Structure formats: structure tokens, C-alpha cells
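All figures in this text were calculated on a predicted structure; none of them were measured in a lab.
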Amino acid sequence: MQPSQADKAKKFHALHERAGAFVIPNPWDVGTARILAGLGFEALATTSAGLAFTLGRRDGEGAVTRDEALEHARAMVEATPLPVSADLENGFGDAPEAAAETIRLAAGVGLAGASIEDASGDPARPIYEFSHALERVTAAVEAARSAPFSFTLTARAESFLFGRPDLDDTIRRLQAFEAAGADVLYAPGLPDLEAIRTVCGSVTRPVNVVMGLTGASFSVEELAAAGVKRISLGSALSRAALGAFLSAAREIAERGTFSFAGSAVSFSDLDPFMRGRND
């Protein structure tokens, strides 16, 4: 039986209030959502890149429409009893009103939370100017507060992913997003543990850090000690699965052998996570 949306949202909010850090992994379809729930994770998040790959599209530059992202989010919500937060990129529009409308629609598909980022999707100007980014987050926060439950709004500062490794500017943005009312703050791509520690020490709201990007990798224990509250994986699990698929397919195509099958997961290992068609 599914908990109510309000109960899921309350649980999700509480995860950010307790001591230590928690991992929020990113499934990309119903099956992977059920596996993660069965392994004991307490919340899930969507991945825009993982969804794009599932649709056979390159990540970024409008790869996924708002309707597609929200329909996918609904499927993730219905897949398990866990609270789900959605990666909603820039809110599918430049205007603050677009970000606000996306958050209102997100609340309507059962989500417990969602993120809005300051990356524009425009290669010519990849990061929104500071005041415009702040207006967008402010509008998203107002939309989140209009929901009849505790919707967790995450505000993202994306500069490190777009060749602008300016920690001072990133912190300035996160502090402004916090002042605007964002519940969680997130700067993907921070280069090292010291930068992560500096960000966490510069704000008072919970900080999300992504693991699974190329480069430095830290344990849950190390990240919690640095002040991180939430650890997401972005597209890492999707890319790991696709990496195994690609390796197996290349073995067949290039060598004509099938040794990959020896490491394939068994039906007996997968079945406990799945449901019957009428369950």
C-alpha cells in the first residue's frame, strides 16, 4: 500500500533533519527503482541523464521535455512506497514563471521534492546571471510553499559543471538561494573534500553532494564528516549499467564470444525485487 503524498513528503523532510548523511540513489526506470527500494534505501531521485539515455537521446540541451520528465517522475513515484525527488533541470524555461509552474506540476504528480538549477541549457551562456538565477529560485520556492504538504525544494548552482570553477561565486549563489527559502542546496562537481567542507560551512541548510562523477570519490563517512547531509548519484548507476551492457555487446560483436553471461545477474536474484503484472 502506498503512503500518502503528505506522509512521503514528511518522511523525506525528516531525512534531512536527522544526524549524519543519507544516500539518495537515482533509478532510471521502474525496475531499478524497485531494486533500490528493496535494498533498503529510504528515498529516490530521478536522473535527467538516465531518462535521456533510456529515450535514446544525448543528455542536455533540451533532451527531455517537461511532460516527459513529469510522466517519468510519476512512474517513479508509483513504483515504490519511497519518497521521490525529481531532477527538473532548469524548470524547462528561462523565466521564473516557468520554474514556478514546473514545481507546481511536480507536486501534482506525487513527488516529495524537486530541484531547480541555474544552468540555462544554452551553450552560449550556460549559467544564468546571478539576479535572474535568484529570481527563478525565489519563484520556485513560492510554488513549493503553495503545495498542501511539505515539498522539499533543492536549489542547484551548476558553475563547476560548466567550466566556471569559482567557489566564491558558487557559495554566493547558494547563500542567496538559502535566503530565498530553498530547503536543500546543491553544487555538483565540487573538486575536493575541502571545497565540499567550505560549502557546507558557508550555509545552514542541508547540502547535497553528487558522487559518481569522474575524479575524486569519498565515502559516506567522509562526506558526513565534511557536513554533507544528502548524497546523490546522478547518472552514475545508469552509466554503470550501460557500461556493462556495452561491454557485453562489444564482446559479442567483436569477438563472437559470450563470456559476459557468467557475470549476469540471475533471475533468482532479481525476482524478489519485482512484482507480478497484477500485484
Hits for side-chain contact (heavy atoms from CB on, under 4.5 Å) against Pro3, two or more places apart or cross-chain, chain-then-number order -> Asp7, Lys8, Pro81
Leu190 side, atom CG; Phe160 side, atom CZ - distance, nearest 0.5 Å: 5.5 Å
Starting from Val184, can I reach Ile103 by hopping between I/L/V/M/F/W/Y residues whose side chains sit under 4.5 Å apart? no
Give a yes or no answer on whether the side chain of Arg58 reaches the backbone of Phe53 with a donor-acceptor pair at less than 3.5 Å. no
Is the backbone of Leu161 close enough, under 3.5 Å, to the side chain of Glu158 for a donor and an acceptor to pair up by distance? no
Is a side-chain donor or acceptor of Arg145 paired with a backbone partner of Gly181 at a separation under 3.5 angstrom? yes
Among Lys229, Arg230, Arg205, which residue satisfies the side-chain hydrogen bond (donor to acceptor under 3.5 Å, both in side chains) criterion with His16? Arg230
Ser259 and Thr257: side chain donor to acceptor below 3.5 Å: no
Below 4.0 angstrom, N of the basic side chain to O of the carboxylate: do Arg173 and Asp168 qualify? no
Backbone N or O of Thr46 within a donor-acceptor pair of the Asp87 side chain at under 3.5 Å? no
Would a distance-only check, ignoring hydrogens and angles, find a side-chain to backbone donor-acceptor pair under 3.5 Å from Ser247 to Gly243? no
Listing request: all side-chain hydrogen bond (donor to acceptor under 3.5 Å, both in side chains) pairs with a residue in residues 27-42, at least two apart in sequence or in separate chains. Arg18-Glu42, Asp29-Thr32
Is a side-chain donor-acceptor pair under 3.5 Å present for Arg104 with Ser146? no
Derivation of the side-chain hydrogen bond (donor to acceptor under 3.5 Å, both in side chains) call for Glu117 and Ser115: CA-CA 7 Å; Glu117 63 193 37; Ser115 64; 5.7 Å; no
Dump the intermediate steps for side chain to side chain contact (heavy atoms under 4.5 Å, CB included) on Ser48 and Val64, then the final yes or no. CA-CA 7 Å; Ser48 58; Val64 175; 5.7 Å; no
Look at the side-chain heavy atoms of Ile, Leu, Val, Met, Phe, Trp and Tyr, link any pair under 4.5 Å apart, and say whether Leu70 and Phe149 land in one connected group. yes
Residue list, side-chain contact (heavy atoms from CB on, under 4.5 Å) with Phe260, at least two apart or on another chain: Ala248, Glu251, Ile252, Phe258
Is the shortest side-chain N to carboxylate O distance from Arg156 to Asp118 below 4.0 Å? no
Just by modelled atom types, is the Ser238 backbone N or O under 3.5 Å from a matching donor or acceptor in the Ser235 side chain? no
Pair Val77, Leu82 - check side chain to side chain contact (heavy atoms under 4.5 Å, CB included), show working. CA-CA 7 Å; Val77 167; Leu82 300 182; over 6 Å; no
Show, in sequence, the C-alpha distance, side-chain angles and deciding distance for Val228 and Ile196, and conclude whether the side chain to side chain contact (heavy atoms under 4.5 Å, CB included) test is met. CA-CA 8 Å; Val228 173; Ile196 293 170; 3.4 Å; yes
Look at the side chain of Arg164 and the backbone N and O of Thr170, then say whether any donor-acceptor pair between them is shorter than 3.5 Å. no
Hydrophobic cluster identity match, Val207 and Tyr186, side-chain contacts under 4.5 Å: no
Is there a donor-acceptor pair closer than 3.5 Å between any side-chain N or O of Glu97 and the backbone N or O of Ala139? no
Looking at Arg57 and Glu68, is there a salt bridge between them, counting it only when a charged N and a carboxylate O are closer than 4.0 Å? yes
Test your reading of the model: is there a side-chain donor-acceptor pair from Asn26 to the backbone of Leu233, 3.5 Å cut-off? yes
Establish whether Ile35 and Phe245 are linked, either directly or via other cluster members, by ILVMFWY side-chain heavy-atom contacts under 4.5 Å. no
Count the heavy atoms of every other residue, nucleotide or ligand shown that sit under 6.0 Å from NE2 of His13, and state whether that count exceeds 12. no
Please answer whether the main-chain N or O of Lys10 pairs with a side-chain N or O of Ser150 as donor and acceptor at a distance below 3.5 Å. no
Test: Arg172 cationic atom under 6.0 Å from Phe130 six-membered ring centre, within 45° of axis: yes
Could you walk me through whether Phe273 and Leu39 pass the side chain to side chain contact (heavy atoms under 4.5 Å, CB included) check? CA-CA 9 Å; Phe273 298 110; Leu39 289 173; 3.9 Å; yes
State yes or no: do Val209 and Leu213 share one hydrophobic cluster built from I, L, V, M, F, W and Y residues joined by side-chain heavy-atom distances below 4.5 Å, directly or via other members? no
